[in-house]
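Below is one structure, written out as C-alpha cells, with a few remarks after it.
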2 protein chains.
Amino acid sequence: MKPTIYDVAKEAKVSIATVSKVINKTGSISDPTRKKVNKVIQRLNYKPNVVASALTKKQTDSLALIIPDISNPFFSEISRFIEDKAHEMGLTLFICSTDYNEEKEKRYIELLQSKQADGFIIASGFQNIHLVEEFHQNNIPVTLLAQDNLTESFNVVSVDDYRGGFLAINHLISLGHQNIAVIAEKVHSSTLRLHAYRDLLGMHGMPVSEENVIRTTASIQNGEKAMLGLLQKEDRPTAVFAANDILAVGALKAARSLGLEVPKDISVIGFDNMILSTTTVPELTTVAQPIKDMADKIVDVLIRQIKMPHLATERTLFVPELIVRESTAQPPKHLKN
Amino acid sequence: MKPTIYDVAKEAKVSIATVSKVINKTGSISDPTRKKVNKVIQRLNYKPNVVASALTKKQTDSLALIIPDISNPFFSEISRFIEDKAHEMGLTLFICSTDYNEEKEKRYIELLQSKQADGFIIASGFQNIHLVEEFHQNNIPVTLLAQDNLTESFNVVSVDDYRGGFLAINHLISLGHQNIAVIAEKVHSSTLRLHAYRDLLGMHGMPVSEENVIRTTASIQNGEKAMLGLLQKEDRPTAVFAANDILAVGALKAARSLGLEVPKDISVIGFDNMILSTTTVPELTTVAQPIKDMADKIVDVLIRQIKMPHLATERTLFVPELIVRESTAQPPKHLKN
DNA sequence: GTGAAAGCGCTAACAC
DNA sequence: GTGTTAGCGCTTTCAC
C-alpha cells in the first residue's frame, strides 16, 4: 500500500496535522520536528495524495484547455506554451480535442466539470458558445483564447485579427497587387481578417468580388481545393491571403500542382507563423501571432479570475506582426496596370 | 454552491446510496425511483464530483502521457490518437512535455503520482530510465511507447525500428546508391535503425564510414546542420537517411541552401511519416509508423495492466511501411559505378 | 429495493 | 508549536 499521511505521522511520532503543516509549509513548526518529518517522508517515499487534498480544499489546481485538435500544429504549439506557464504557476493542464464537434464539446466540458477543473480555457474553433455561457451562470472561470465573442462578456485573450488582416492585405497591395483573393475559415477570427480585406480594398478603390472570397475549414486539403477553384477562374488573382498557415500550405501545393511558381506567378500569404511556414518551398510570408505572450497572458487572466471571481472582464488583444519570407512578390508584369 | 449527492437525495426523497447506485448503474434500483432520481439530477444540473469518487474508489480513471514535447508534430499526432482511445475507454489523459530534461521528468512523474494517475505511458526520448524502474518497484502500471528497454521487463509498444531502417536503406540501395549517410538521434530507436544501416551496408559489401553517421537531437536546425556537414565532405554521399522526418526536413533545407536539388543531386529519406513530410518540396519519401494502431494498442495494454497487475509483460512491435514520395531517386549518373 | 454508516486521505479551525 | 476533530462528496458493505 502507498503510505498515507497517517503512516508518516505514526513513524515520526507526531500528529497528521503536523505532517500536513510541514508538507504545505503552513502554520508554524519547529525546526527539529520539520526535519524529523521530512526525513520520514523521504524514507517512506511518501507522496501526498492530491485527490484527497483537492476534496478538502475544493480546488484541484488544474485547468482545462479545450481546443479543436492537438495534432494541428497551431494548437500544439500554443498548448505547449500554456502547459509551461500553467506548470510554472503550479497547475496541471487537461487538454481535450473537440474536432469542431458539438457533441464532443459537450462531453468534454461535462467531464472536466466532474473532474473539478478550477478553470477553463476555450480556444478558437469552439462551436457551441451556449455551452460556455453556462459556465458563466454557474460561476465557473473561463477565458477565451483567440475567440472574440461579442454577445457575452467573457475574458478574452486574442490577437488583433483585424490588424493582422490589414497587415497582410496591405503588404500585398503595396507590392502592387490589384486582384487579391482570400481563403478564410468559417470562424469569427477569420471574419475579422476578412473585414480588413474588404475595408482595405475599399480604401484603395478596388472592387471586392465575392468570387474571390472562399470560406472553408482549416486543413491542407481544403486550402488546396479552395486555391484550385481560385486558379481556374478566368480573371485569376495575382495574390492570395490564406487566413491561416495550414490553408496557405494547401494553397502552395495547389499552385505547384498547376505548374505555377510562387511568388513569380502568384503570391501567397498566410497567418499564424507556425513551424510549417518555414518548411515549405518557398518559405511562407505570414502574419505572426505572439503565441507565447498570449499563452502566458491567458493563464494569468484565468488564475486571476479563479482567485477573484468578481473582477471586471478583460479583453487583451495582442499585436500581430508581418513576417516577410519568400512567398510574396510583385505581381507578374503583364498583369500590372 | 454546486449541488452534491446529498442535495439530489434530499430532493428525490431517497438516500445518497440510492442516488449513487443510479448514477453508477450498480445494485438494483426500481424503475420508478431511478426515473425519479434522474429527473432530479437533470433539474439540479448535478454533476458527480469525481475527485470524491476517486478518493473512495482509489482510482482516478486518468492516465499520464509523458512525452518530450507536444509541439513536436510526431508527438502531437500520436498524442491525439492516444487521447481519443483513452476517452473511448472512459479515461482522461494528462499530457506532459519534458524537453528531454531529467529534472522535468522527475517533477512531472512525482506530480502525476500525487495526482494518482492510474497508469503511465512513457514515450521515447525519456532520459532517466531509473525513474521508470521505480514505478516497477512501486507497482505502478507503466507502458513504454516506442522505447525498447532491454534491462528491465516493461510492457512496450513500438515500431520495429530495425525493420524500418532496413526498409529505408534497402530502398536507397536498390535505387543504386553506394554512398549513403545517416543522420540519427541519440535515442535507442535510432540506434536500432542504425544497426540496420550497418548490417545492410555490410551485406552489400559497402564500407561504413563513421564520417557518414551523424548523431544529434531532433530539430529542423540540427538536421540542417548535420546535412551541411555531410555535404561539405569531399566524398559527398548521394543519399541520406534521416532517422526522423524533422531531421529530414532540415536536411532538405540544407541541400536547398547549397543549391542542390533533391532528389536529382542527392536523395533524402525520412522516418515517421508525419504531416510535415507532405508539405515539403519535394515531398518526403519516408518510413511510416502505424501510429493509430500503436496508440490503440498502448492504451489497451496499459488498461490491461491496471486491471491485472501481475500479467506477463508484453512487447508489441508494429511493422513500418515504406512510403515512396519525391525525395528519393537514382544517384547522379556521373557518380554511379 | 433501499438506507445507515464507515471510511477514502487530506485540510483547517480550534483547543491546548 | 502541536494535536484533536470535523468535514470534503463519494462508494460500498451490510442490514433491513
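Here is how names work: the chains are called A, B, and so on, in the same order as the sequence lines, proteins then strands, and each is numbered from 1.
Taking 4.0 angstrom as the limit, Asn49(B) places none of its side-chain polar atoms (N or O) nearer than this to OP1 or OP2 of dC8(D). Residue Lys58(B) places none of its side-chain N or O atoms closer than 4.0 Å to OP1 or OP2 of dT11(D). Put simply, Thr33(A) has a side-chain N or O that comes within less than 4.0 Å of OP1 or OP2 on dT2(D). For dG3(C), one of the phosphate oxygens OP1 or OP2 lies less than 4.0 angstrom from a side-chain nitrogen or oxygen of Thr18(B).
Side-chain atoms of Leu55(B) lie closest to dC8(C) of the nucleotides dT12(D), dC8(C), dC10(C). Comparing dC10(C), dG9(D), dT2(C) by their nearest atom to the side chain of Ile5(B) picks out dG9(D). Of the candidate nucleotides dG1(D), dT2(C), dT11(C), dG1(D) has the atom nearest to the side chain of Ser30(A). Nearest nucleotide to the side chain of Ala17(A), out of dT2(D), dT4(D), dT11(C): dT4(D). When distances are taken from the side chain of Thr4(A) to each of dA12(C), dC10(D), dG9(C), the shortest belongs to dG9(C). Checking dC10(C), dT12(D), dT4(D) against the side-chain heavy atoms of Ser15(A) singles out dT4(D) as nearest.
Remark on DNA chain C: of its neighbouring residues Thr56(B) and Lys21(B), the 5'-side contact belongs to Lys21(B), judged by nearest-heavy-atom nucleotide.
In the model, Lys115(B) has a side-chain atom that pairs as donor or acceptor with a side-chain atom of Thr92(A) under 3.5 Å. Judged by distance alone, the side chains of Gln289(B) and Asp272(B) do bring a donor and an acceptor atom under 3.5 Å apart. Checked by atom type, the side-chain pair Glu133(A)/His130(A) shows a donor-acceptor distance below 3.5 Å. No donor-acceptor contact under 3.5 angstrom links the side chains of Ser53(B) and Thr56(B), judged on distance only.
Residues Ile23(A) and Ile41(A) meet the side-chain proximity criterion, which asks for heavy atoms closer than 4.5 Å.
Backbone-only engagement by Val14(A) is indicated by non-hydrogen atom pairs under 4.0 Å involving sugar-phosphate atoms exclusively. Among the heavy atoms of the strands, none lies under 4.0 Å from Thr26(B).
When rounded to the nearest whole Å, the span between OH of Tyr6(A) and P of dT11(C) equals 11 Å. Between the CD atom of Gln59(A) and the C1' atom of dC10(C) there is a distance of 14 Å, given to the nearest Å.
Between Leu65(B) and the options Leu302(B), Ile78(B), Ile82(B), a side-chain contact (heavy atoms from CB on, under 4.5 Å) holds for only Ile82(B).
Taking five base pairs at each end of the helix from dG1(C)-dC16(D) to dC16(C)-dG1(D) and finding the rotation axis that steps the C1' atoms of four pairs onto the next four gives two axes whose angle is 40°, to the nearest 10°.
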